[in-house]
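Chain letters run A, B, ... following the sequence lines, proteins first, then strands; residues in each count from 1.
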Amino acid sequence: MRQVFLDHQSSTPVLPEVFDAMRPYFTEYFGNASSLHQHGLRVRDALKRARQQMAALIGAESEEEIYFTSDGTESSNLAIKGAAYANERKGKHLVISATEHPSVMNSLEFLEKQGWTCTRVGVTPQGMIRLDELEAAITPQTVLVAVHHVNHDIGTIQPMREVGQICATKNVPLYVDCEASAGWLPIDVKEWGAAMVSFSPHRFYGPKGVGVLYRNRKARIVSVIHGGVQEGGRRAGTENIPAIVGGGVAAEIAQERLSQRVTHVAPLQKRLWEGLKLNVPYIQLNGPEPGPDRVATNLNLSTEFIEGEGQLLLCDMNGIAVASGSSCVSKSLKISHVLGAIGLDHALAQGNIIMTLGEANTEADIDYVVETFAKIASKLRGMSPMWDEFEHGVIDSVIAPTGRGKSFSQHAAEVSGKPAH
Amino acid sequence: MSETYTLYNSTVMEHFMNPRNMGDLKDADGVGEVGAAACGDIMKISIKIKDGRIEDARFKTFGCGSAIASSSMATELIKGRTIDEAMSFSNQEVVDALGGLPPVKIHCSVLAEEALKAALEDYVKRNPSAAAKAATTDSVAA
Ligand code: FES
């Protein structure tokens, strides 16, 4: 069976060059960077080189602005909590977009329980942050604005230059989560005037176990993990040298191959969406159309009258790896908060599938996915009471309303005795 | 890939991939459609009653793999049962027959129990004589 990995947003395979670069740091150069002997000094050198590679990827001035953490989640925890605690005396208010990654959302919730307040700025139906609302949300007590570069669910590219300008005018530091964009879109921390930026090499063919936080010299943060004086005192704990070395090499390669990678996946993204649109009735793309407002790797789809987990499982049984933001897939039984924030109808959020492309995907893969997905959709529709009820005019389609029948949500509320969330 | 990993055990996967009794019954004697408040999914069970027994059952499900497998298993289990027996059907039976479900997915099997009971209630409503009988059973059970 053909195997098609379409979940590159979750992770990517480590490149052979990256793996080769890492290998000696497990066995031969195993030293701890804090040691003062040959073994320690050697890996310190490797750390510095990796910092330079990371700095180059995002246009940072110096490698001294690069901090290594364990992953993207730790980086955003450090950025948010670190800035909040460091600037407590200035004020206890933070501003974020409503569609940030859970590591940002939940760090905020944690702070809110301790007396901070937070404003979540709304987004357009395409997932674009509302700039006027952002501007209005910033108060003299605001110590940090957090806006992601590319949305992890729906691939929307945020207007970072405008966001940066607003923050500069209001003189509030800006933290940009670049997890979903690093390696796939050019990043220039100076152009945005970003105080902090985070990303993870495992999203662009580097290893897991390393996260990066860029911090502009002027941005104040305190450590949230306490121990030794690693990473300039801002992140205690022994550095994961092999992962950092591999991450550095992956960053260097990503910079070299960025346009080549995008040139490869962008046509596949279009082919996939065009193919699905043509072969699967009542399917919708969430977020902007493929083009300048959407990252070239991501498609976020809603297939009406069927639920996402079933689609995901059947894709998997056919060799296709995808993700879903449906409530049945989440451990909390809630739909993805991003889908909620763009105002997606519950029926469509339930039928959600996320496909994310990478450099190994081919045109033949895409054609196989289109063909297989069309079969999966009709198999699940055959089992779905909603499809039946739609065909009999009991409920209406959200994607292409016929004007007959009630809404799915109304129907769901009636049979469950509770409004759908 | 040499091995296949699955989210659910092989029985659940088998029922999900090849569901039994999927569809509707033309002249159903009772139809129950219920929704899960937790995740917003919907299940419909149709039954055919003959001589006080469930002669046939069909399901349609808008829901996760566990919900589809649960409805498939539930319709298998209840065929041949008397109305009284079916009235005391519990989701635990479905879970056991499926060889277990992940804790977060137990509610999907509850949906199957509720859909079946809604179908029985519908039958009872359509057949008041059966309703009287069901009521006696209820008081006995209580
Ligand atoms: S039906 Fe939604 S979690 Fe099972």
Give, as side chain, backbone, both or neither, the part of [X] having an atom under 4.5 angstrom from any heavy atom of chain A.
X	answer
Met13(B)	side chain
Phe16(B)	both
Pro19(B)	side chain
Ile68(B)	side chain

With chain A, which of [options] has the greatest number of heavy-atom pairs at distances under 4.5 Å?
options	value
Ala67(B), Ser71(B), Cys64(B), Ala36(B)	Cys64(B)
Val34(B), Asp24(B), Thr61(B)	Thr61(B)
Gly23(B), Gly63(B), Gly32(B), Cys108(B)	Gly63(B)

Practice prompt. Report the relative orientation of the aromatic rings in His8(A) and Phe5(A); use parallel for angles under 30°, tilted for 30 to 60°, perpendicular for over 60°.
Written response: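 Geometry flag for Phe5(A) against His8(A): perpendicular rings.
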
Worksheet item: Would you call the rings of Phe62(B) and Phe408(A) parallel, tilted or perpendicular if under 30° counts as parallel and over 60° as perpendicular?
Response: tilted

Discussion item. With a 3.5 Å distance limit and no angle check, can you tell me whether Asp71(A) reaches the backbone of Thr73(A) through a side-chain donor-acceptor pair?
Written reply: yes

Worksheet item: Checking His101(A) side chain against Ser103(A) main chain: does a donor-acceptor pair fall under 3.5 Å?
Response: yes

Discussion item. Between Ser11(A) and Arg203(A), is there a side-chain heavy-atom distance shorter than 4.5 Å?
Written reply: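 No. Closest side-chain heavy atoms not under 4.5 Å.
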
Discussion item. Between Met383(A) and chain B, with a heavy-atom cut-off of 4.5 Å, which part of the residue counts as in contact: side chain, backbone, both or neither?
Written reply: both

Item to complete: Answer with side chain, backbone, both or neither: which region of Leu312(A) has an atom nearer than 4.5 Å to a non-hydrogen atom of chain B?
Response: neither

Item to complete: Test salt bridge (Lys or Arg N to Asp or Glu O under 4.0 Å) on Glu113(B) and Lys117(B) and set out the steps.
Response: CA-CA 6 Å; Glu113(B) 176 190 321; Lys117(B) 293 201 171 150; 3.1 Å; yes

Item to complete: Start with the C-alpha gap between Glu391(A) and Lys60(B), add the side-chain angles, then the distance that decides, and say whether salt bridge (Lys or Arg N to Asp or Glu O under 4.0 Å) holds.
Response: CA-CA 14 Å; Glu391(A) 286 196 312; Lys60(B) 282 245 169 130; over 6 Å; no

